[in-house]
Amino acid sequence: MNAPLTHLQKLEAESIHIFREVAAECEKPVFLYSIGKDSAVLLHLAMKAFYPSKPPFPLLHVDTTWKFREMIEFRDKRVKELGLELLVHINEEGVKAGVNPFDSGSRLHTDVMKTQGLKQALDKYKFDAAFGGARRDEEKSRAKERVFSLRSPEHRWDPKNQRPEPWRLYNTRKRPGESFRVFPLSNWTESDIWDYIAKEDIPVVPLYFAKKRPVVRRDGALIMRDDERMKLRPGEQVEELSVRFRTLGCYPLTGAVESTASTLPEIIAEMRASKTSEREGRIIDHDGSASMEQKKQEGYF
Amino acid sequence: MNAHVTEAEALAPETAPAAQEKVLLRFITCGSVDDGKSTLIGRMLYDSQMIAEDQLAALDRDSKKFGTQGGALDFALLVDGLAAEREQGITIDVAYRYFKTDKRAFIVADTPGHEQYTRNMATGASTADLAIILIDARKGILPQTRRHSFIVSMIGVRDVALAINKMDLVDYSEDRFNEIVAAYRDMAKNLGFRSITPLPISALNGDNIASLSERTPWFQGEPLLPWLESVEAGAGDLAEAPFRFPVQWVNRPNLDFRGFSGWVASGSVKPGDAIVALPSGRASTVARIVTQDGDLPVAVAGQSVTLTLADEIDVSRGDILSSVEKQPEVASTVEARLLWTAETDMHPGASYIVKLGARTANASIDKVRALIDIHTFEPAPGKPLALNEIAEAKLRFDRPFPISLYRDNRDLGGFILIDRITNETVAFGMIAPGRAAPETLARDESGAQESGVDWGRLVQNLGEKLLPALGGGVLIGLGAKLFGAPTSTAVALGLADAAFRPLVRGWYGDFRAALAKRKSDDEITPDGAGI
């Protein structure tokens, strides 16, 4: 008699199963690597799913050019350690047009540099399945997302036209031009992610750990001044505060939290005691109550 | 009740890894449109302290804007996510919720109560260990309650919590509670449930959710959340079943390594175990159980691993590695229950794509033997299978499949049918006992059958029990029992009220007799058939 599997073991086995279904049934999958903690867990699971083979797909990072510098360093180091292929795509038209989070606003910046950039890259390489690290517990409209989410040739998500997914059976048939977004972490929660990172000793970007960092108080958020492109407004000053990040994205759009949690157990303890959800620090989610759903219909991941 | 770590644990972070040792329980909530299902889930999340402050602030805002509770916190809004749902005030799609307590991690499939979303309820039930069936205390058992119970039973859920909600609106009446419980037990007695646990609750006020309510001093059971933390449910015996390993992906990093990546669907495996690859029937021995964390001495049901074999035998995606002693039958025809999930009707004789485990083939529907429309309960003689309808059918695959019964293993006995033109998932299928069905019926007469749904009895029960309960004005049908040669009359059982019942029983007897005569007609005997 063996002990029953724990919930983390079950989640791991389910995610590995999903990776293998895609590798077996899709022609040209890609792993959307966003460098954050969810991507770190997803990558770890991809390595496990195909071991001793390497994952049979490249990584793709859609670089908005506004990521934290530590994220890019971590990305390049990690990819080298694991011996994987990394594709980096930047929406050059957006760069030429001067789109940036400060002058263009978070919405336009995210749409052009992230959503449009992602579509360009998927079209350029003709990927037919893209793995993402989204979890259903992140946000209400994600709670109804499928594991295999069908997208039209224009990359639109139609919430009313998603296929049922009984048992562990995924219908991977699609027409030319259609593609899937595949979410192996669908059933993981934020606390599962951290528990698993601790259990498996998975490397994550140091920005998740508290450290003294240069931050500016702006619009009620603590924004880390990661480079000179962030101009100070009148009355603003850079403070050195002990902060960390619960999620990572473009630095001007990602609020830090004051914290002294500098180790994994401290982060886990802090998260368990936390009274706010992780996406609160994300500025793009608050554009309107159903804003994530709207972005997804437009093609945002 | 404390959803987060206790204060002591928070202060001693080194104990945090204990959180990893939780057991996972998946359950589904079923209720009609206004039974308060979303409110119950919102209440459970709230009472187990899973709602963060910023979410509560958003809830407060949304309650004032969209709420139905006069500006007070409307917990339903926590879970009604899509914009279209908010406008219509109903839950359209299956949504998954997550919460943890000190003892367990929970995944809740929040499924639509609306009739046209039966497929979504079936999806939610397909991975559930237990079901919470909500009943409005004022209304009692409704046709939807039957439909929901029928679906979760068919999908293989064996343990049910009967949450009788809105007790506040019936003055927490013990008599009313007992009346509904008795009616439900009677209605569900042939649905094959292993346990039915009734609870008097008010999701709105929180009675008997996290703790016992003072307003129901007569209630002797446990409140809902503590009950969920301790209930034993689900298919716990899969690890004891014969070894089955569907191969998903052949793992060939180089010429020196050839492994088979898949998941252990049942049983366990050790290096040195003799196995057979199906459908080819080639035998070998397990050499290694390979994982990135090192080779394992044993792998058990539920684990995703990679196996290497001692011999170079031909194995590809969709094959099943099985224990040698207890092998499944290999067959290209099966008896199955189908739940139609597409807007377009079934084309009789048309070819579909079947996906079962990691195996894909072409399938045609040979015969529709019986039709049970759980949406309206109306008979539909000669009508092709339509959305949300259930049929017993015979399917033919264009290649052999290792066959397991659905009631023995959901992952090995459940399949989907896909339309090859639209690529839609048009049906969920569950492999049922084949020609041994008459023996099953005969044995059940003596009360020997212990588990599983007996469809013969169920149909009989629908005739005898549901109709009078529904009252004479409600039109109900049983669907048609179709069997035998194409020229033989499709026997349609339809009835408008209790007056038809003796006739139904007569037909049903004829059906059983005919079925018994036909026991030698069909080609297959899936493993475990007749049990």
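So that the names make sense, note that chain A is the first sequence line, chain B the second, and so on, each numbered from 1.
Per-residue counts of heavy-atom pairs under 4.5 Å with chain A were compared for Gly357(B), Ser261(B), Gly302(B); the largest is that of Ser261(B). Put simply, of Leu24(B), Thr422(B), Asn423(B), the one with the most heavy-atom pairs under 4.5 Å next to chain A is Asn423(B). Ranked by heavy-atom pairs under 4.5 Å with chain B, the list Pro166(A), Ala13(A), Ser191(A) is led by Pro166(A). Note: Gly262(B) leads Ala122(B), Gly262(B), Ala301(B), Ala358(B) in heavy-atom pairs under 4.5 Å with chain A. Chain A forms more heavy-atom pairs under 4.5 Å with one residue of Gly414(B), Ala105(B), Ser126(B) than with any other, namely Ser126(B). If you tally non-hydrogen atom pairs under 4.5 Å between each of Val250(B), Thr425(B), Thr127(B) and chain A, the highest count goes to Thr425(B).
In this structure, the portion of Arg252(B) lying under 4.5 Å from any heavy atom of chain A is its backbone and not its side chain. The part of Phe257(B) that comes within reach of chain A is its side chain, from C-beta onward, which places non-hydrogen atoms under 4.5 angstrom from that chain. Only the backbone of Ser186(A) comes within contact range of chain B, with at least one heavy atom under 4.5 Å from a heavy atom of that chain. With a threshold of 4.5 angstrom between heavy atoms, Gln248(B) approaches chain A through its backbone and through its side chain. Of the two parts of Arg163(A), only the side chain, counted from C-beta on, holds a non-hydrogen atom closer than 4.5 Å to a non-hydrogen atom of chain B. Both the backbone and the side chain of Ile416(B) come within contact range of chain A, with heavy atoms under 4.5 Å apart. Interface residue Asp293(B): only side-chain heavy atoms are found under 4.5 Å from chain A. Proximity to chain A is absent for every atom of Leu417(B), based on heavy atoms less than 4.5 angstrom apart. With a threshold of 4.5 angstrom between heavy atoms, Lys48(A) approaches chain B through its backbone and through its side chain. Looking at Arg175(A), the atoms closer than 4.5 Å to chain B (heavy atoms on both sides) sit in the backbone and in the side chain alike.
Defined by atom type and a distance below 3.5 Å, a donor-acceptor pair is present between the side-chain atoms of Tyr406(B) and Trp167(A). Between the side chains of Glu145(A) and Trp157(A), at least one donor-acceptor pair of N or O atoms lies under 3.5 Å. Side-chain contact check for His7(A) and Arg104(B): no donor-acceptor pair (N or O, by modelled atom type) lies under 3.5 Å. Checking Glu165(A) against Tyr170(A) by side-chain atom types alone, no donor-acceptor pair falls below 3.5 Å. With no hydrogens or angles considered, no side-chain donor-acceptor pair links Thr123(B) and Asn120(B) at under 3.5 Å. For the residue pair Arg136(A) / Asn187(A), a side-chain donor-acceptor distance below 3.5 Å is found, with atom types taken as modelled.
Here the closest non-hydrogen pair linking Val264(B) and Gly267(B) is CG1-O, 3.5 Å.
Checked against a 6.0 Å centroid threshold, the rings of Trp188(A) and Tyr98(B) do not count as neighbours. For Phe209(A) and Phe245(A), the ring centers sit 6.0 Å or farther from each other. Ring pair Trp249(B)/Phe260(B): centre-to-centre distance not below 6.0 Å.
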